[in-house]
Amino acid sequence: MSESTPVDYHTPAERGDDEQMRAVELALEAVLFAAAEPVAVRELKAACEGLGEIDQALLEQALGRLQERYQGRAIELVRSAGGYRFRVRSRFSATVQAAQPERPARLSRALLETLAIIAYRQPVTRAEIEAVRGVAVSSGIMRTLQEREWVRVVGHKEVPGRPALYATTRRFLDDLGLKRLEELPPLEQIRDLADVASDAGLSLAPPDTEEDAGTGTNQRLDFDTGDADLEPVPPTRSL
Amino acid sequence: MSESTPVDYHTPAERGDDEQMRAVELALEAVLFAAAEPVAVRELKAACEGLGEIDQALLEQALGRLQERYQGRAIELVRSAGGYRFRVRSRFSATVQAAQPERPARLSRALLETLAIIAYRQPVTRAEIEAVRGVAVSSGIMRTLQEREWVRVVGHKEVPGRPALYATTRRFLDDLGLKRLEELPPLEQIRDLADVASDAGLSLAPPDTEEDAGTGTNQRLDFDTGDADLEPVPPTRSL
Amino acid sequence: MDTRDELNAAPDPSATAETGADGEVLYRVHGEPVAELPADLYIPPDALEVFLDSFEGPLDLLLYLIRRQNLDILAIPIAEITRQYMAYIEVMRALRLELAGEYLVMAALLAEIKSRMLLPRPKEADADEDADPRMALIRQLQEYEQFKTAAERLDALPRMDRDVFAAGASVEALEGPPPPAPTLDELMEALAAVMHRASLMAHHHVSTEQLSVRERMSSILDSLHPERFTDFVALLMTAEGRQGVVVSFLAVLELTKAGLIEWGQSEPYSPIRLRRRGTPVDDEEGGPV
């Protein structure tokens with residue numbers, strides 16, 4: 001069928017491009033498909049070793065070309081916290097689901113609530129999670145969250161007993177297709193008690209932490225999630 | 001000609017093709033990239049449900065187009081015993097390797113658990129593995145286990161969607177230095193191990209199955225081996 | 001304050017005196033059918049509705065009680081909510097359903113707030129936080145609701161492997177040494193971890209099956225063909241002696257039970273034959289009517 005079809009699907013713009021760009025593009029393609037997990041920029045660079053000087057601009061250009069290459073296809077190159085990955089475009093999700101009918105188990109409300117508290121309040125101790133939920137958090141849930149690599153222990157709180165401090169991971173963001181925590185849906189505002197309890201100057205400080213009055217509405221998302229190696233966030237390309 | 005269409009990488013031959021062919025091609029692309037193992041023709045057809053009448057010829061034509069589409073790219077569509085799959089071209093193997101210089105010397109915990117469950121519960125579906133682990137099993141893990149030839153698909157469960165049934169291989173036994181699967185320690189022993197968690201002194205030596213003459217009768221299978229189970233013998237006469 | 005005393009004091013029978021149970025109704029509580037309610041049990045009709053939902057804890061239950069009546073958290077009618085809460089607790093206890101300790105603590109707290117609400121307060125402190133005994137609870141409820149909503153939104157985000165799928169390709173023949181095969185110890189440790197978890201989750205039961213049967217199941221399944229029948233006797237591997245036969249037989253039974261194979265016989269008393277179940281839809285639809 002491909003009678004006269006050229007072997008290579010170069011767009012006109014590429015015709016004159018040099019060999020290096022093409023080599024880089026293919027190397028990236030190989031690595032990205034082999035990983036099936038987000039690949040950090042650092043690793044992408046490592047893949048291009050031996051292909052000459054690869055600076056950030058060249059890498060980004062190659063990624064851009066790759067992205068372009070899959071326009072109109074069933075898959076797309078996307079970026080999340082951990083780096084770049086190919087994924088099936090969401091309009092083909094139903095097709096994939098039909099072919100893989102084993103749907104992953106639903107997450108329990110207990111797990112989701114625990115995860116939400118960790119995501120928005122991190123780093124947070126188990127006791128703090130329990131204070132918000134009003135019930136004990138089962139060990140099973142904490143283990144499942146860590147097993148799934150959505151949550152990890154990032155340190156210990158300097159209080160008696162030195163309880164573990166939990167935070168979300170890069171994988172958590174990757175699995176939700178997010179680049180950073182700030183992209184999570186904002187927390188619902190807590191309605192101001194002052195509206196009702198008014199004039200007497202009710203303090204709205206949360207009971208546990210004195211210093212950050214108004215925590216209710218102010219999500220502490222500026223926590224370091226290891227964005228370090230994401231450094232050069234390329235401005236959203238217009239492709 | 002295609003020179004003037006930057007978004008869509010249609011080859012000239014495709015110009016006149018109908019929408020159906022394109023839709024089929026994309027559906028196949030989505031399913032093939034999302035799958036952890038080769039996808040059988042039957043499954044590929046199932047994925048095209050809703051795209052009109054799909055006969056063998058059309059399917060093959062769509063696969064041919066897909067194959068062609070990746071000519072000159074870093075990946076290729078290949079056919080093996082189990083069906084079709086995308087594979088990184090072998091000349092990019094080194095590139096892939098270079099990108100993950102700190103290749104983990106150890107197998108991941110998730111992979112080990114999955115492998116262990118397959119060994120003890122085979123033949124087993126992915127959903128069943130997930131039910132035991134309490135955590136989703138990624139396609140990447142299933143792919144790795146099959147690439148290492150420790151696990152293979154031995155059939156499909158006759159439930160909606162016909163999920164693949166996984167079993168361990170000869171090679172798995174070889175790599176573990178076992179002659180038979182039953183040389184693995186019995187589950188009770190592992191349960192004890194689980195209970196004493198950190199007790200390193202526990203013996204993991206395989207049990208003496210040889211002199212266990214009564215093995216046949218003291219199976220504790222979790223179903224009643226009475227005749228009842230055998231009753232629905234389908235009267236299939238002409239074969 | 002003694003929690004139990006509080007609970008026994010509640011609910012106030014004068015509130016809604018109507019017995020909902022006649023002993024014949026089948027209720028489902030947390031999915032478990034409850035055949036009979038104790039005859040002397042006082043159940044407000046609204047409490048029964050509540051049973052149909054399951055709650056993540058006392059805060060969740062309280063929120064439910066508030067929300068279903070379109071009440072404002074900020075102006076929670078403590079006496080009424082306390083009554084409904086206690087009714088729920090009481091029924092749960094009467095049904096001997098396991099109740100987390102937190103529910104009882106909350107019951108005590110509600111009772112305490114309720115009684116403090118009855119105390120006369122100094123005038124000038126009317127709107128003072130300290131003066132309103134509900135305030136701490138209200139804040140807790142608001143905060144919980146905030147995260148309950150956040151959890152729902154989190155769940156609604158497109159998630160990898162559920163709503164979106166990674167695109168990958170296999171890699172073959174990597175140069176250099178592949179990662180090592182697992183050692184038996186590693187494998188056992190991993191399995192021990194799973195089993196530990198599984199027993200925590202309690203719902204999963206891993207029986208002590210003989211591995212030989214499992215292995216044989218795999219090999220038999222692999223040797224069978226969906227389109228051709230194989231002699232049952234040929235599968236029994238008599239060469240392996242009695243034990244081999246038994247193992248094969250059990251494996252066949254297991255496979256039958258799992259619906260993975262089907263049996264056929266061309267005529268009565270002729271050899272039993274087996275094939276893998278599932279005739280490929282496209283290839284052949286091979287059965288007679």
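This structure is a prediction, so every number in the text was calculated from the model and none was measured. Naming: A, B, ... by sequence-line order, numbering from 1 per chain.
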*Which bit of B:Leu32 comes within less than 4.5 Å of chain A, counting heavy atoms only: side chain, backbone, both or neither?*
neither

*Any chance you could measure A:Phe86, atom CZ, to B:Ile75, atom CD1, to the nearest 0.5 Å?*
7.0 Å

*B:Ala46 versus chain A, the contacting section by heavy-atom distance below 4.5 Å*: neither

*For the student: nearest non-hydrogen atoms of A:Phe92 and B:Ala30, plus distance*: CB-CB, 3.7 Å

*Carboxylate-amine/guanidinium proximity below 4.0 Å for B:Glu29 and A:Arg89*: no

_Shortest non-hydrogen contact from B:Thr95 toward A:Ala27_ = CG2-CB, 3.6 Å

*Report the distance from atom OH of B:Tyr70 to atom CZ of A:Phe33, rounding to the nearest 0.5 Å.*
5.5 Å

*asked:* Would you compute the distance between atom CZ of A:Arg148 and atom CZ of B:Arg133 and round it to the nearest 0.5 angstrom?
replied: 10.0 Å

*Quick one: does B:Arg109's side chain get under 4.5 Å of A:Glu149's, heavy atoms only?*
no

*Identify which part of A:Leu66 has an atom lying under 4.5 Å from any heavy atom of chain B, answering side chain, backbone, both or neither.*
side chain

*Taking all atoms of both residues into account, what is the closest heavy-atom pair of A:Val96 and B:Ala34, and its distance?*
CG1-CB, 3.6 Å

*Contact leader toward chain A among B:Val39, B:Leu44, B:Val137, B:Val31, where contacts are heavy-atom pairs under 4.5 Å*: B:Val31

